[in-house]
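These notes are about the structure you will find just below.
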Amino acid sequence: MTVTAWVDVSAGVAGDMLLGALLDAGAALPVVQAAVDAVLPGTARLSVEPVVRAGLRAVELSVEVSGEQQPHRRWRDLRGSIERADLAAPVRRDVLAVFGALARAEARVHGIAAEDVHFHEVGAVDSVADVVGVCAAVHDLKLAGLVSGPVALGSGHVRTQHGLLAVPVPAVLELAHGWVVAGDGRGELATPTGMALITTLTRQVPAMPAIRIGAVGIGAGTRDPAERANVVRVVLGEPMTDADEVVIEANIDDLDPRVWPSVLAELLRAGAADAWLTPILMKKGRPAHTLHALTPSDHAAEVRETIIKHTSTIGVRQYPVTKYALPRAWVPVEIDGTTVRIKIAFQDGVIRQATPEFRDVEALAHAAGRPVQDVLRQAVAAAQASGLTPGSPHPDSSGKPSPGRATPDSHGAYRHTHEGEHS
Ligand SMILES: O=C([S-])c1cc(C(=O)S)c[n+]([C@@H]2O[C@H](COP(=O)(O)O)[C@@H](O)[C@H]2O)c1
Ligand code: NI
């Protein structure tokens, strides 16, 4: 099942609000705590408690920091800790992307190199906990994607280590390039950490998408103004589509070509119904390939992960597809005492295709030490001798396999299936 999340940031966003909302929506606190511990061992203890904001229930995340005063961290040092930490690959990738965005924003604001940015307020332990925690929670919830609407930034002034800053503070404005924002509301509604998380992990959409709504999580901000609940809402749901399959793709120009066969094999292992390459000429006139994987929706997450893990791409695109497939069934025939399955596809009680299952043919040929093409010819003849030819009536003209002759495939005879497409 594909689950996406719509993040309601119409009242602003901070890292702790977003993490509180994801935990309230069902992310496991021990999983999130373990990821934070991997980056900051024994430093930050996370907890959540129910609170009320403008009369509405929400969850407030607290980060208890143990130990001495925390050191200021330069981006290059923090990046090293993240790279060394025992994190799942997608979590590490997202954490690096979020902090990378923050570092670039701070670098631009302060006129220094990103490598030299010192995270002090934004690099305090609770911000590291928020960023690592949010990325781990997104991974734990197996979210296929996150979308968000316009972000409220707020107004007024806020006291920081740089003195009094006007809201939106400079780092937030840097991070907001290209984003539609809402200028309403008083106080600092979006913080740099919150903004970095939203602009890095979500895609902006004008309105809540059409989803079948599942869990809803509400994360509280610290303040409780009366005029509007100071919360981030996360709404999980399945995208509205009648597609039972998706195509996942990436254009790739820099993978050693000898790796491609194993990539295709890994994709089939991960649950793709088929995986193939198309030679293309991509941007900048580069010869490249488009990798395609036709995938049942419930395997989309594994297939996306496999593409990221086994190729050089840093992103994929995914389209829903609607497949129109003839019902199919397997009919066993005997060849030299061994069973070979004939895959029949039928329509209105008539056989449209009858094909010996190639894996069975190959296995028999190898076992008997015979050429595959001989066994294939024999299997086609055996199928014809059993009346399994295009245009013939289905073995059971009611459209269902006859008991004792046709056997349902592994998913049930009348479910669309891709059994045999690998052969
Ligand atoms: O510490 C620095 S450099 C800092 C820079 C800025 C800029 O916009 S530049 C803003 N702030 C303020 O720090 C607090 C904490 O932010 P989090 O993102 O860690 O929640 C917030 O009020 C920022 O406006 C700090
Ligand atoms: Ni700053």
Side-chain angles (χ1 to χ4, degrees), residues 7 9 11-22 36 39-40 43-44 46 60-65 69-79 81-82 94-135 137 148 151-177 179 181 183 185-202 219-223 225 230-232:
V7 189
V9 283
V13 62
D16 56 345
M17 295 166 79
L18 184 54
L19 182 51
L22 290 165
V36 173
V39 179
L40 299 173
T43 309
L46 277 57
E60 185 172 37
L61 175 91
S62 301
V63 180
E64 190 191 327
V65 180
Q69 168 123 26
Q70 291 298 317
H72 287 187
R73 292 180 167 83
R74 278 181 314 176
W75 167 224
R76 71 175 72 151
D77 305 325
L78 180 57
R79 186 171 54 203
S81 308
I82 297 165
D94 287 350
V95 172
L96 288 170
V98 173
F99 270 115
L102 257 178
R104 285 191 297 279
E106 286 286 337
R108 175 138 179 91
V109 166
H110 297 290
I112 57 174
E115 294 293 303
D116 298 329
V117 163
H118 275 254
F119 289 111
H120 26 98
E121 281 167 284
V122 285
V125 172
D126 55 356
S127 283
V128 176
D130 291 348
V131 172
V132 175
V134 165
C135 297
S148 62
V151 192
L153 299 185
S155 61
H157 291 82
V158 62
R159 188 158 296 283
T160 74
Q161 291 197 358
H162 306 297
L164 208 55
L165 289 181
V167 172
V169 293
V172 164
L173 270 189
E174 271 305 315
L175 287 157
H177 277 185
W179 280 70
V181 298
R186 282 185 293 152
E188 185 184 35
L189 300 185
T191 66
T193 304
M195 202 63 189
L197 284 162
I198 288 297
T199 55
T200 307
L201 300 182
T202 78
T222 315
R223 294 177 304 120
N230 181 21
V231 295
V232 164

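Along the sequence shown, residues carry numbers from 1. None of the values given here were measured: they were computed from a predicted structure. Indexing begins at 1, ligand by ligand and atom by atom, following the structure's order.
Considering backbone and side-chain atoms alike, E188 places an N or O below 3.5 Å from some N or O of ligand 1. The N/O atoms of E106, backbone and side chain alike, include none that comes under 3.5 Å of an N/O atom in ligand 1. For ligand 1, the polar-atom distance check against H110 finds no nitrogen or oxygen pair separated by under 3.5 Å. Of the N or O atoms in A171, one or more lie within a sub-3.5 Å distance of an N or O in ligand 1.
Considering CZ of R108 and CG of L175, their distance stands at 12.0 Å, rounded to 0.5 Å.
Atoms of ligand 1 lying under 4.0 Å from at least one heavy atom of V109, given by number and element, are 9 (S). Of all atoms in ligand 1, listed by their number and element, those nearer than 4.0 Å to a heavy atom of T160 are 11 (N), 12 (C). Within ligand 1, the atoms closer than 4.0 Å to a non-hydrogen atom of V169 are 8 (O), 24 (O), numbered from 1 in the order shown. Listed by number with element, the atoms of ligand 1 under 4.0 Å from a non-hydrogen atom of S127 are 19 (O).
By the 6.0 Å contact criterion, CZ on R186 is open, its count of non-hydrogen atoms from other residues, nucleotides or ligands being 12 or less. Other residues, nucleotides and ligands contribute over 12 non-hydrogen atoms within 6.0 Å of the CD atom of E115.
Between W179 and T202 the shortest side-chain heavy-atom distance falls below 4.5 Å. Side-chain atoms of L19 and L197, non-hydrogen and from C-beta on, never get closer than 4.5 Å to each other. Using a 4.5 Å heavy-atom threshold, the side chains of D16 and V63 count as separate.
For G15, the closest heavy-atom approach to ligand 1 does not fall below 4.0 Å. At least one heavy atom of H162 sits less than 4.0 Å from an atom of ligand 1. Using a non-hydrogen distance threshold of 4.0 Å, P170 registers as a contact of ligand 1.
If you run side chain to side chain contact (heavy atoms under 4.5 Å, CB included) between T193 and each of V134, V131, V172, only V131 comes through.
A salt bridge does not link E174 with R104: none of the charged nitrogens is closer than 4.0 Å to a carboxylate oxygen.
For E106, the N, O or S atom with the smallest separation from the Ni ion (ligand 2) is OE1.
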